[in-house]
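Both backbone and side-chain heavy atoms feed into the values below; hydrogens, waters and symmetry mates do not. Quick caveat: nothing in here was measured; it's all calculated off a predicted structure.
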Amino acid sequence: MFESLPASAPDKILALNAAYREDPRSHKLDLGVGIYKDESGNTPIMRSVQTAQNRLLTEQKTKAYLGLDGDRIFNHLITQTALGEDYDTDRVWTMQTPGGSGALRILADVLSTARAHAGNRTDATIWVSDPTWANHAPILKAGGLTIKAYPYFDTKTGLVRFDAMMECLKKVPEGDIILLHGCCHNPTGANLTLEQWIELSKVLVSRNLFPFVDIAYQGFGDGLEEDVAGLRYLISQVPEMTIALSCSKNFGVYCDRVGAAIILSRNSAQANLAGSLMKSTARQNYSMPPNHGAATVRMILEDQELKADWQQELESMRTRMLDLRTALTRALRLHSNSDQFDFLATQRGMFSRLPLSPDQIDWLRSEYGIYIIGDGRINIAGLPDNGPDGGLDKLALHIVNALNINIDR
C-alpha cells in the first residue's frame with residue numbers, strides 16, 4: 001500500500017522548530033515558530049483562560065456532540081468580536097472550526113463547490129499576497145482553488161506596494177477571489193491603512209471581486225477594535241464575502257484549535273444555503289469541532305469580568321511586542337549607523353521580515369544558535385529583552401554582522 005508513496009516535503013517552519021529543539025546550546029534563540037512568548041520565553045496560559053477552564057471543569061455536565069456547526073453561542077460572540085455587536089445576523093452565518101486553518105479549508109471547499117455550480121465559469125481562482133503565510137497555498141489548493149499572487153510587499157522599504165497591488169487587482173478577472181490579511185500581515189507585519197482599505201473596497205466592488213479575509217491576530221496590532229476597522233468597512237461595502245478567524249493568538253489557545261468560518265451573503269436565504277454547505281463539508285472532513293477551547297472562549301466573552309481581564313492581558317501582550325519592535329529598531333540603527341531598519345517600528349503584529357539571504361540566516365544559526373525562517377521572517381514576540389546580558393543588543397549586532405559579510409560556501 002505505501003511502498004510507492006512519493007516523499008512529502010517537510011514543512012519548513014516545523015522543521016526549523018525541530019532543529020531548534022535538538023540544538024544543545026543554552027544560548028540558542030528561536031525566532032521562527034509563530035507563537036507568543038513572554039519575558040521568560042514561555043507561552044503562558046492567559047489568566048482569563050485559566051479561570052474559565054477551571055470553571056468549565058466544574059460546571060460542564062456532558063461531553064455530548066455539539067453539532068456540525070459547533071457551539072452556537074461561541075459562534076455569535078466571536079462574530080461580534082470581529083464584526084461588531086450590531087452585525088447583520090440575517091446575512092451572516094458562522095461555524096466553529098478546528099482553528100483558523102480549519103476555517104480556511106472549509107471555506108476553500110465551499111467556494112470551490114460554489115464556483116463549480118455558478119454556471120458561467122467553473123474555475124475557482126484565489127489571489128494571495130506576495131508573500132503570504134506559508135500554509136495558505138497548500139490549504140487553499142487542497143480545497144480545490146487555483147493560486148495566483150498579487151504584489152504586496154517591498155523588501156527594500158518594508159512597506160506595502162499598494163499602488164502595484166491596486167494595479168494588479170484592477171486587471172484580475174471578474175469574480176475571482178482575493179485573500180486579504182485582516183491585520184498583522186504574516187509574514188511581513190506590513191499592514192493596509194484604513195484609507196487603503198477604503199480604496200481597496202472600491203476596486204473589489206467595481207471589479208466584482210470576492211473578498212476572503214483571514215484574521216488570525218486581532219488585538220495584536222493597534223488594538224482589539226482598531227485591528228478590524230478595515231474588515232468592518234469592507235463588510236459595509238460588499239454584498240458577500242468569507243472570513244477565516246482564529247483564536248489561537250489572542251486567546252493563547254493554540255493547542256485547543258479554536259476558530260470560526262464566517263460567510264456574509266446577499267440575503268438570509270443564501271446565508272442559510274451556504275451554511276448548510278459548510279456543515280456538509282465539515283461532516284465529510286472531521287464531523288464535529290472540538291469543544292473545550294471554544295467553550296473556554298465563550299465563557300470569557302459571556303462574563304464581563306473575565307472579558308475585561310482578557311482584554312487587559314491582551315493589551316499588555318500587544319504593547320510588549322511594540323516595545324520590542326522599538327528596542328530592536330533602536331539597536332539595529334545603532335549598530336548599522338543607518339535607518340534601513342526603521343520600518344520595523346511601523347509594522348504591527350508578531351512578525352517582520354529582515355533582508356537576510358538564506359546563507360546569512362544559516363550563518364546566524366550555525367554561529368550563534370539564532371533560528372530564523374529562510375525568508376527572513378522573525379517572530380517579534382520571541383525577541384529577548386535587553387536585560388543585564390544585553391540579549392537584544394547582541395542580537396542586533398549579530399544581524400548587522402550577518403548582513404555585512406559575504407559568506408563563501
Handout entry: D23/R25 ion pair, N-O < 4.0 Å
Key = yes

Exercise for the section: First locate atom CG of L209, then atom CG of L204, and finally report the distance between them rounded to the nearest 0.5 Å. Expected result: 5.5 Å

Completion exercise
To the nearest 0.5 Å, atom SG of C168 lies from atom NZ of K170 at 11.5 Å

Handout entry: Atom pair CZ/CG of F210 and L179 - distance to nearest 0.5 Å
Key = 11.5 Å

Handout entry: T296 side chain to H292 backbone, donor-acceptor under 3.5 Å
Key = yes

Exercise for the section: Measure from the side-chain N and O atoms of R318 to the backbone N and O of L224, and report whether any donor-acceptor pair falls under 3.5 Å. Expected result: no

Completion exercise
P290 and L66 have their tightest heavy-atom pair at O-CD1, 4.4 Å

Handout entry: Straight-line distance of E199 CD to D163 CG, nearest 0.5 Å
Key = 10.5 Å

Practice task
Tell me, please, whether F351 has R377 positioned over its six-membered ring: NZ or CZ under 6.0 Å from the ring centre and within 45 degrees of its axis?
Solution key: yes

Handout entry: Salt bridge flag under 4.0 Å for residues R320 and D323
Key = no

Problem - Ionic contact status for R298 with E302, cut-off 4.0 Å - result: yes

Problem - Distance, nearest 0.5 Å, that separates OH of Y371 from CD1 of I373 - result: 13.5 Å

Practice task
Return yes when atom CZ of R283 has more than 12 non-hydrogen atoms of other residues, nucleotides or ligands closer than 6.0 Å, and no otherwise.
Solution key: no

Practice task
Please work out whether the ring planes of Y368 and H398 are parallel, tilted or perpendicular, with thresholds of 30° and 60°.
Solution key: parallel

Practice task
Give a yes or no answer on whether the side chain of Q360 reaches the backbone of A402 with a donor-acceptor pair at less than 3.5 Å.
Solution key: yes

Exercise for the section: On the 0 to 90° scale, with breaks at 30° and 60°, tag the W133-H136 ring pair as parallel, tilted or perpendicular. Expected result: perpendicular

Exercise for the section: Among N191, N186, T132, D214, find the one that has a side-chain hydrogen bond (donor to acceptor under 3.5 Å, both in side chains) with H181. Expected result: T132

Problem - Greater than 12 external heavy atoms within 6.0 Å of E39's CD - result: yes

Practice task
May I ask you to decide if L322's main-chain N or O and T326's side chain share a donor-acceptor pair within less than 3.5 Å?
Solution key: yes

Exercise for the section: May I ask you to decide if the ring planes of Y152 and Y150 are parallel, tilted or perpendicular, using 30° and 60° as cut-offs? Expected result: perpendicular

Practice task
Answer yes when D30 and K37 have at least one side-chain N-carboxylate O distance shorter than 4.0 Å, and no when they do not.
Solution key: yes

Handout entry: Distance, nearest 0.5 Å, that separates OG of S48 from CG of L314
Key = 9.0 Å

Handout entry: Heavy-atom donor-acceptor pair, T157 side chain to L159 backbone, under 3.5 Å
Key = yes

Problem - D256 side-chain N/O to A294 backbone N/O, donor-acceptor pair under 3.5 Å - result: no

Exercise for the section: Show your working on ring pair (Phe, Tyr, Trp, His ring centres under 6.0 Å) between H76 and Y87 and close with a plain yes or no. Expected result: CA-CA 10 Å; H76 174 62; Y87 77 92; 5.6 Å; yes

Exercise for the section: Keeping the roles fixed (side chain from Q311, backbone from L306), state whether a donor-acceptor pair exists under 3.5 Å. Expected result: no

Problem - NZ or CZ of K28 within 45° of Y20 ring axis and under 6.0 Å - result: yes

Exercise for the section: Using a strict 4.0 Å threshold on nitrogen-to-oxygen distance, state whether D303 and R55 make a salt bridge. Expected result: yes

Handout entry: Sidechain-backbone polar pair: W310 side chain, N250 backbone, donor-acceptor under 3.5 Å
Key = yes

Exercise for the section: May I ask you to decide whether R232 forms a salt bridge with E225, counting only side-chain N to carboxylate O separations under 4.0 Å? Expected result: yes

Practice task
Look only at the side chain of S112 and the backbone of A108, and say whether a donor-acceptor pair between them is shorter than 3.5 Å.
Solution key: no

